[in-house]
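Position 1 is the first residue of the sequence, and the numbers go up from there. Keep in mind that the numbers below use all heavy atoms, side chains included, and drop hydrogens, waters and symmetry copies.
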Amino acid sequence: MRRFVGVVAVLGFALSGCAATGEPDGPGDTPPSGVADPFTKVVAYAECLQKEGLPVQINPGDGYTMPLGTDRSKIAAAEAACRNVAPPGMYDKPSTEELDRYVKVAQCLRDKGIKVDDPTMERPQLQIDQQAPANLKELQADCEEKAGG
């Protein structure tokens, strides 16, 4: 399966360093009225991709996956159709500093044995080209920390 963790990564990068995100502080806390859980937007985007015919598997709290070999032209068409429901920041071009940090995270993941493409200005999301290991979140968090995230 091709693992698209970019959505979670982009949200993680975007939220890191923010003092007040409007998110719950602990178990049982609820966000203020009008603040949506960022993952809700990820699910809406993944559901849109499904409606556009992509074989997307939603992984609660983690992002979504798609089988390796999915036709890239179909992916591009579905992404274009669903851009209006994409999570905030997903299609924003990163700054040079952000892109450098994303590339460092990708290299760190490769050093840990994960097959991941380098992010680009046009596609800054991390795209993993293998079945994601069970400890991917921990590996990614470690790499983000090492990259200065």
In sequence, state the C-alpha distance, the side-chain angles, and the governing distance for I58 and Q50, and then conclude on side chain to side chain contact (heavy atoms under 4.5 Å, CB included). CA-CA 10 Å; I58 299 170; Q50 288 172 333; 4.2 Å; yes
Selection residues 88-138 - residue pairs positive for disulfide bond (SG atoms under 2.5 Å apart), sequence neighbours left out: C108-C143
Over all atoms of both residues, closest heavy-atom pair of P94 and Y102: CB-CE1, 3.8 Å
Would you call K112-D142 a salt bridge at under 4.0 Å N-O? yes
Given side chains that start at C-beta, do those of [X] and [Y] come closer than 4.5 Å, heavy atoms only?
| X | Y | answer |
| --- | --- | --- |
| P88 | K41 | yes |
| I75 | M66 | yes |
| V42 | M90 | no |
| E79 | L54 | no |

Test of understanding: with side-chain contact (heavy atoms from CB on, under 4.5 Å), list the residues that count as partners of [X], not counting sequence neighbours.
| X | answer |
| --- | --- |
| C82 | Y45, C48, L49, E52, V85 |
| R110 | A106, Q107, V116, D118 |
| E122 | K93, T120 |
| K51 | none |

Once rounded to the nearest 0.5 Å, what's the spacing between atom [atom1] of [X] and atom [atom2] of [Y]?
| X | Y | atom1 | atom2 | answer |
| --- | --- | --- | --- | --- |
| L126 | I114 | CG | CD1 | 11.0 Å |
| K137 | E144 | NZ | CD | 12.0 Å |
| L109 | L136 | CG | CG | 7.0 Å |

For the side chain of N135 and the backbone of E138, is there at least one donor-acceptor N/O pair under 3.5 Å apart? no
With sequence neighbours left out, what residues match D92 under salt bridge (charged side-chain N to carboxylate O under 4.0 Å, His left out)? none
